Visitor: 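The structure is given below, and queries will be raised subsequently.
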Amino acid sequence: MRISLDDGFDLARRVHIKNRFFKSALSEQLGDKDHGPRPDLSTLYRLWAEGGSGLLMTGNVMIDRRFLGEPGNVVLEDERHLEEFGAWAESASEHDCQVWMQLNHPGKQIPSFLCSEPVAPSVVPLGHGLGHLFKTPRALTEEEILEIVERFATSAALAREAGFAGVQIHAAHGYLINQFLSPHHNRREDAWGGDATKRRRFLLEVYRSMRASVGEDYPIGIKLNSADFLRGGFSEQDSMAVVEAIAAEDIDLIEISGGTYESPAMIGHRVKESTRQREAYFLAYAEEVRQLVETPLVVTGGFRSGPAMLAALNSGATDFIGLGRPLAIEPDLPKRLMADPTGHIDLPRPTTGFKSVDRMVILDLSWWELQLRRMGRGMAPKADLSAWRSVWTTLSELGVAAFRRRRA
Ligand SMILES: Cc1cc2nc3c(=O)[nH]c(=O)nc-3n(C[C@H](O)[C@H](O)[C@H](O)COP(=O)(O)O)c2cc1C
């Protein structure tokens with residue numbers, strides 16, 4: 001029988017998702033001065049829930065306030081702000097829509113002005129001309145590694161207590177867990193690095209401690225890179241081995257993405273034309289994963305049309321359609337496509353008129369974040385918002401360092 005976009009799906013642990021639309025994590029930067037969730041988040045998530053998505057993944061929530069990926073991040077590390085977190089979790093409930101929380105530690109992907117001493121598995125700076133924005137990290141001690149493992153568990157238990165329906169481990173996009181998985185970034189020679197099994201130990205310990213803290217009846221997912229798209233980095237072969245290991249632990253949902261700050265494949269940079277035609281950037285990889293494990297899958301990145309989504313679902317390569325940017329300019333796209341599966345969305349390509357400025361990933365991301373902030377204030381998204389708005393916002397939040405010429 002053909003799968004349609006509005007078919008429900010049963011995950012393990014008696015979790016039912018009402019349709020196949022999975023809103024992927026989009027960092028909202030809507031934390032208040034103390035990094036608690038601002039009420040704008042509830043407004044935004046209510047809007048997304050009304051728009052028809054079955055599952056809403058929050059933007060990355062930090063597990064440690066000393067290590068923020070971005071200035072406006074929300075942090076969940078103790079009982080502070082639990083009431084506000086509860087309101088956020090509750091915002092989608094009217095629409096039978098689940099809100100899960102993505103948990104993250106950025107490792108060394110922390111802009112210099114946010115942290116004087118970032119940490120990582122090893123002393124390896126970010127390359128590809130990012131050295132002026134990110135400091136060289138110091139290597140974590142074993143004691144600190146174990147503390148971070150515990151922190152993931154604490155944050156997951158707090159997310160459950162606040163009313164979130166599940167949690168997701170952010171193991172993708174070059175953040176700390178991804179750094180441990182990468183042979184380029186992890187040069188350790190102790191129990192946490194050296195070969196692929198030891199490199200994935202950190203992730204598995206994080207999962208196990210989270211599972212112990214939330215119990216057996218609560219869903220935990222993971223966002224994992226198909227590859228880092230860097231020479232000598234985390235490869236598809238490495239990724240498949242991680243998929244098998246984490247599936248063996250009974251994880252509930254695997255979301256597939258790819259790339260890091262050094263090579264931003266997650267937002268379609270350097271995608272081959274043949275891939276672009278199938279829309280989703282990581283579908284070929286997902287097809288191989290499907291042969292390996294039975295864990296439910298989400299593929300995120302590039303989906304723009306009902307026909308491509310239906311083809312992907314019916315090929316068996318994915319169970320859910322992960323959507324990021326489309327929902328930042330059309331929060332009710334799922335509703336529209338369920339009513340008319342032949343529909344599609346064209347993403348705007350905001351331009352300043354200067355190619356070198358337009359190529360800056362940081363500005364691209366900031367333009368999308370501005371749309372989230374608009375919706376959080378109860379305003380409609382604005383597809384023709386000037387690209388200069390993201391230039392000014394980035395300047396005021398990150399300073400001129402963000403614009404310095406890159407070395408590579
Ligand atoms: C503004 C912005 C913020 C993002 N924040 C996160 C995040 O917090 N966590 C994450 O896993 N991915 C994040 N992503 C990546 C998206 O979840 C998604 O993988 C990517 O946008 C590709 O999907 P799309 O083509 O549907 O946009 C972000 C993307 C954008 C544009």
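Nothing fancy with the numbering, it's 1 onward along the sequence. Only this structure's heavy atoms are used, side chains among them; waters, hydrogens and symmetry mates stay out. Counting starts at 1 for both ligands and their atoms, in listed order. Here the structure is a predicted model, which means the values were calculated and not measured.
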Visitor: Should the proximity of Arg325 to ligand 1, defined as any heavy atom under 4.0 Å, be assigned to the side chain, the backbone, both, or neither?
Guide: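 For Arg325, the contact with ligand 1 is made by both the backbone and the side chain.
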Visitor: Answer yes or no: is there a donor N or O on one side and an acceptor on the other, between the side chain of His35 and the main chain of Asn73, under 3.5 Å?
Guide: yes
Visitor: Could you check whether any heavy atom of Gly302 sits closer than 4.0 Å to an atom of ligand 1, since that is the contact criterion I want to use?
Guide: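 Contact present.
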Visitor: Measure the distance from atom 23 (O) of ligand 1 to every protein heavy atom, then report the residue, atom name and distance (to 0.1 Å) of the closest one.
Guide: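 Checking every protein heavy atom, the shortest distance to atom 23 (O) of ligand 1 gives Gly301 CA, 3.4 Å.
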Visitor: Looking only at protein heavy atoms, identify the closest one to atom 20 (C) of ligand 1 and say how far it is in Å.
Guide: Met266 O, 3.6 Å
Visitor: Do Ser257 and His173 have a side chain donor and acceptor closer than 3.5 Å?
Guide: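 A pair is found: one side chain offers a donor N or O, the other an acceptor, under 3.5 Å apart.
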Visitor: May I ask you to check whether Ser24 has an N/O atom sitting below 3.5 Å from an N/O atom of ligand 1?
Guide: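 N/O-N/O distance under 3.5 Å: no.
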Visitor: Anything under 30° is parallel, anything over 60° is perpendicular, the rest tilted; go ahead and classify Phe229 against Phe282.
Guide: tilted
Visitor: Report yes or no: do Ser27 and Glu70 form a side-chain donor-acceptor pair below 3.5 Å?
Guide: yes
Visitor: Geometry only, no angles: is Thr300 polar-contacting ligand 1 at N/O separations under 3.5 Å?
Guide: no
Visitor: Ignoring hydrogens and angles, tell me if any N or O in the side chain of Asp332 forms a donor-acceptor pair with the backbone of Gly51 under 3.5 Å.
Guide: no
Visitor: May I ask you to identify, for Leu365, whether its side chain, its backbone, both or neither come under 4.0 Å of ligand 1 on a heavy-atom basis?
Guide: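 Under 4.0 Å from ligand 1, Leu365 contributes backbone and side-chain atoms.
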Visitor: Do Ser53 side-chain atoms and Phe22 backbone N/O form a donor-acceptor pair below 3.5 Å?
Guide: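 No, the answer is negative, given that no donor and acceptor are paired below the 3.5 Å cut-off.
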Visitor: Using distance alone, determine whether Gln102 and ligand 1 share an N or O pair under 3.5 Å.
Guide: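 Yes; at least one N/O pair falls below 3.5 Å.
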Visitor: Would you kindly specify which portion of Arg304 sits under 4.0 Å from ligand 1, judged on non-hydrogen atoms: side chain, backbone, both or neither?
Guide: side chain
Visitor: Starting from atom 29 (C) of ligand 1, find the nearest protein heavy-atom neighbour and note its residue, name and distance.
Guide: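 Residue, atom and distance for the closest contact: Leu26 CD2, 3.5 Å.
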Visitor: Looking only at N/O atoms, are Leu323 and ligand 1 under 3.5 Å apart anywhere?
Guide: no
Visitor: Main chain of Asp6, side chain of Asn19: is a donor-acceptor contact present, judged purely on distance under 3.5 Å?
Guide: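 Not confirmed, Asn19 side chain does not pair with Asp6 backbone.
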Visitor: Do me a favour and list the nearest non-hydrogen protein atom to atom 3 (C) of ligand 1 with residue, atom name and distance?
Guide: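 Checked against all protein heavy atoms, atom 3 (C) of ligand 1 sits closest to Ser27 N, 3.3 Å.
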Visitor: For atom 16 (C) of ligand 1, what's the nearest protein heavy-atom neighbour? Residue, atom name and distance, please.
Guide: Ala25 O, 3.4 Å
Visitor: Side chain or backbone of Ala328 under 4.0 Å from ligand 1, or both, or neither, by non-hydrogen atoms?
Guide: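 No part of Ala328 is near ligand 1 at this cut-off.
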Visitor: Which protein non-hydrogen atom lies closest to atom 26 (O) of ligand 1, naming both residue and atom, and how far is it?
Guide: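 Result for atom 26 (O) of ligand 1: Gly324 N, 2.8 Å.
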